[in-house]
Amino acid sequence: MIDIKFIRNNPELVKEAVRNKNEKADIDKLLAIDESRRKLQFDFDNLKSQQNTVSQTIARKKKAGENADAELSEMASVAEEIKKINAELSVANSELEAMLLTVPNIPQPEVPVGRDESCNTLVRIWGEQPTFGFEPKDHLEIANQNGFLDLARGAKISGSGFPIYTGQGARLERALISFMLEYHLQKHGYEELMVPLAVNRKTMTGTGQLPKLEEDMYHINEDDLFLIPTAEVPVTNFYADEVLSHKDLPKCLVAYTPCFRREAGSYGKDTKGLQRLHQFNKVEMVRFVEPEKSPEALEEMLCNAEAILQAFGLHYRVINLCTGDTSFASQRTYDLEVWAPGSGKYLEVSSVSNFGEFQARRANIRYKDSTGKVRHLHTLNGSGLATPRLMIALLETYQQEDGSFKAPEVLKPWLEMRV
RNA sequence: GGAGAGUUGCCGGAGCGGUUGAACGGGACGGUCUCGAAAACCGUUGUAUCUUUACGGGUACCCAGGGUUCGAAUCCCUGACUCUCCGCCA
């Protein structure tokens, strides 16, 4: 959420951000509501002030045994008026609140302006595309040949986009999750959380999924709960409505969760195999930092995510997203795209974003700085990483000529957990 | 699912419908004392919002939302959450 005072003082800047992000929040209307709301608030405060004063007089008179009928009848009409204005005020307040929730975050200056992904820029490339002495197969062929996946039965049980990992495939998936979690815990200093997969409306609003993305999420009607599309939601909201101390910052959390996405409106796009799913696994990093430190933290998290791909020896590139491609809540986002040699393309496996105070305002997460002042902190998050496309890259990169799969050395211990 | 109890400031914990933004205690911070510290003593210790160049002032907030009243932390209704007991269950 953008500070209403900021919108008041920089309306053009906010409108530009709305345009550049292909959003459609009506800033002029928002400001008009804000204006009338403040007028109502002013009237309300004055009437209340009058009421408080006279009420005290009444109290004093009654205590002294004097007659207070004059004041009482005077206050009856004031009370009436207050009730009326209060009703208008709460309507105006909720209107403003609703509108504020539709205003996207403002991209940082470093973010290239552009409508869509064609305007994204390349930051760097790591490694090289591997070469094969044979025609590399795509991940589905490898998976099928080795019995790693059973998509047909997943579709039977739930529908397409709900994969079943079988045998060594299931084990590999679990190994990836464990490896990544432990990597971030041991080498990058994160703390682990295991969180609820179904969360309430307030939580979804806190990180910015609601109101915009309601259609993209699975919803449990009975209890008005949503299945999380990313661990970002429960983990960021971990500190909702709290005031932390600057001594607690930065706070670095990591969590593994399944993620659920309806992917409404994207049917038919990149649907082959594990490329686009309704349920997938992801390890997510989240940081809570002091405002001044967030740009630096973003770079660190990017490196944390890259470290995983490097450990696996996978070729990838880092992309700087343009305004039109950064999400509603983000100020700045890097994508990590891993090379899938069998499919012959780069696949997004991570998105690392700085949200500034946008989410902290929505979720009401604050901290007390070293001077004792209470401020909103900055939140960031990054996938570290999502497994399906990572699995694709691994299978395709480490396939053998006979179609078998040879896992990279670092994964060996994780695939051979002895009991 | 049934029965009961509860939700007050950083924490513990008071609070008759009328100077209660909130007693009292603890903690934290500042000061006095001390070579230094402890103890003791004194003082400070909320958030949001409007207004003001500033000093300051107004208003709201005692889980949330409604209601009663001139006036609600205090009375009534609804909801959320916590705890105890019973039932059910991995």
Side-chain angles (χ1 to χ4, degrees), chain A residues 1-9 30-101 194-206 210 220-226 234 237-249 251 258 291 357-377:
Chain A
M1 174 144 60
I2 305 290
D3 187 0
I4 179 64
K5 282 187 224 151
F6 183 88
I7 302 180
R8 240 181 256 154
N9 297 331
L30 187 151
L31 287 171
I33 292 174
D34 175 51
E35 181 79 35
S36 67
R37 185 199 117 252
R38 273 190 296 162
K39 198 164 286 169
L40 286 167
Q41 182 74 54
F42 184 78
D43 293 344
F44 178 82
D45 285 356
N46 284 338
L47 284 170
K48 259 297 192 183
S49 176
Q50 184 189 351
Q51 186 181 62
N52 287 344
T53 318
V54 178
S55 283
Q56 275 181 25
T57 310
I58 294 174
R60 209 175 314 118
K61 284 199 169 183
K62 285 207 163 174
K63 218 169 232 174
E66 296 172 29
N67 184 299
D69 288 354
E71 285 83 357
L72 281 175
S73 67
E74 181 196 352
M75 281 305 101
S77 65
V78 172
E80 197 80 0
E81 183 74 1
I82 287 177
K83 199 172 278 184
K84 200 184 110 209
I85 292 188
N86 190 32
E88 292 174 38
L89 186 59
S90 52
V91 169
N93 273 331
S94 47
E95 270 179 15
L96 182 71
E97 177 76 13
M99 289 209 73
L100 275 174
L101 290 177
M194 268 226 172
V195 295
L197 307 181
V199 304
N200 60 31
R201 207 165 265 282
K202 179 171 182 271
T203 300
M204 278 299 182
T205 308
L210 287 178
I220 302 164
N221 240 325
E222 285 277 293
D223 305 291
D224 198 21
L225 293 174
F226 295 87
N237 279 283
F238 188 68
Y239 290 116
D241 294 318
E242 295 189 28
V243 181
L244 306 182
S245 161
H246 67 277
K247 291 176 204 145
D248 300 332
L249 302 179
K251 202 88 202 173
E357 59 174 37
F358 190 83
Q359 292 182 326
R361 273 187 182 278
R362 287 186 162 234
N364 193 26
I365 310 171
R366 295 173 297 172
Y367 80 106
K368 210 169 239 177
D369 71 16
S370 49
T371 69
K373 194 167 154 20
V374 176
R375 305 165 65 190
H376 287 102
L377 45 71

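First the proteins, then the strands, lettered A, B, ... as listed; each starts at 1.
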Which atom pairs link the protein and nucleotides 63-68 of chain B when you take only N or O atoms and keep those under 3.5 Å?
from: B:U68; atom 1: OP2; to: A:Lys83; atom 2: NZ; distance (Å): 3.1

Can you name the atoms? Protein N/O to nucleotides 6-9 of chain B N/O, anything below 3.5 Å, with the distance.
none

Close N or O pairs between protein and nucleotides 59-61 of chain B (under 3.5 Å):
from: B:U59; atom 1: OP1; to: A:Asn52; atom 2: ND2; distance (Å): 3.2
from: B:U59; atom 1: O2'; to: A:Asp45; atom 2: OD1; distance (Å): 2.8

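A:Arg201 comes within 4.0 angstrom of nothing in the nucleic acid, heavy atoms only. A:Val374 comes within 4.0 angstrom of the backbone, heavy atoms only, and of no base. Nucleic acid contact for A:Lys62: base, since at least one base atom lies under 4.0 Å from a heavy atom of the residue.
The side chain to side chain contact (heavy atoms under 4.5 Å, CB included) test applied to A:Pro196 returns no partner, not counting sequence neighbours. Annotation: ring pair (Phe, Tyr, Trp, His ring centres under 6.0 Å) contacts of A:Tyr239 (sequence neighbours excluded): A:Phe288. Residues passing the ring pair (Phe, Tyr, Trp, His ring centres under 6.0 Å) test with A:Phe358, sequence neighbours excluded: A:Phe328. Applying the side chain to side chain contact (heavy atoms under 4.5 Å, CB included) rule to A:Lys202 yields the partners A:Asn200, A:Asp241; only residues at least two apart in sequence or on another chain are considered. For A:Phe6, the side chain to side chain contact (heavy atoms under 4.5 Å, CB included) criterion is met by A:Ile2, A:Asp3, A:Asn10, A:Leu13, A:Val14, A:Ile106, not counting sequence neighbours.
Taking atom C1' in both B:A22 and B:G18, the straight-line distance is 15 Å, to the nearest Å. Taking the C1' atom of each, B:G15 and B:G25 are spaced 15 Å apart, rounded to whole Å. With both ends at atom P, the span from B:G2 to B:C88 equals 15 Å, rounded to whole Å. Separation of the P atoms belonging to B:C33 and B:A73 is 44 Å when rounded to the nearest angstrom. When the C1' atom is used for both B:G1 and B:G66, the distance is 28 Å, rounded to whole Å. Between B:C10 and B:A23, the two P atoms lie 13 Å apart (nearest whole Å). A gap of 13 Å separates the C1' atoms of B:U20 and B:C16, to the nearest Å. Nucleotides B:U47 and B:G9 place their C1' atoms 10 Å apart, quoted to the nearest Å.
One distance of note links CE of A:Met75 with CD of A:Gln50; it measures 4.5 Å at 0.5 Å rounding. Residue A:Lys368 holds its NZ atom at 12.0 Å from CG of A:Asp248, rounded to the nearest 0.5 Å. Going from atom NZ of A:Lys39 over to atom CG of A:Leu89 covers 13.5 Å, rounded to the nearest 0.5 Å. Atom-to-atom distance recorded for A:Ile7:CD1 and A:Met99:CE is 9.5 Å, nearest 0.5 angstrom. Atom CG of A:Leu244 is separated from atom CG of A:Leu377 by 6.0 Å, given to the nearest 0.5 angstrom.
Paired regions of RNA chain B, where each region holds three or more successive Watson-Crick or G-U pairs whose two hydrogen-bonding distances fall under 3.5 Å, are B:1-7 with B:80-86, B:10-12 with B:24-26, B:27-32 with B:40-45, B:46-51 with B:56-61, B:63-67 with B:75-79.
By the 4.5 Å heavy-atom criterion applied to side chains, A:Glu35 and A:Leu31 are not counted as neighbours.
Judged purely by atom type and a 3.5 angstrom limit, A:Arg362 uses its side chain to pair as donor or acceptor with the backbone of A:Leu101.
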Report, one line per pair, each donor and acceptor closer than 3.5 Å where one atom sits in a side chain of residues 54-63 of chain A; sequence neighbours left out.
from: A:Ser55; atom 1: OG; to: A:Gln51; atom 2: O; distance (Å): 3.0
from: A:Thr57; atom 1: OG1; to: A:Thr53; atom 2: O; distance (Å): 3.2
from: A:Lys61; atom 1: NZ; to: A:Glu71; atom 2: OE2; distance (Å): 3.1

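Between A:Asp34 and A:Arg37 a salt bridge is recorded (basic side-chain N to carboxylate O distance below 4.0 Å).
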Contact string for nucleotides 74-80 of chain B, one letter per nucleotide 5' to 3', B = base within protein heavy-atom range under 4.0 Å, S = sugar-phosphate only, - = neither, reads -------

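A:Leu30 and A:Leu96 make their closest contact through O-CD1, 3.8 Å (heavy atoms, listed as atom of the first residue, atom of the second, distance). The nearest pair of heavy atoms linking A:Gly206 to A:Asn237 is CA-OD1, 3.9 Å.
The side-chain hydrogen bond (donor to acceptor under 3.5 Å, both in side chains) analysis of residues 76-92 of chain A, with sequence neighbours excluded, yields no pairs.
Between the CD1 atom of A:Ile82 and the C1' atom of B:A72 there is a distance of 14 Å, given to the nearest Å.
Within the 4.0 Å cut-off from OP1 or OP2 of B:A48, at least one side-chain nitrogen or oxygen of A:Arg366 is found. Residue A:Gln51 places at least one side-chain N or O closer than 4.0 Å to OP1 or OP2 of B:G71.
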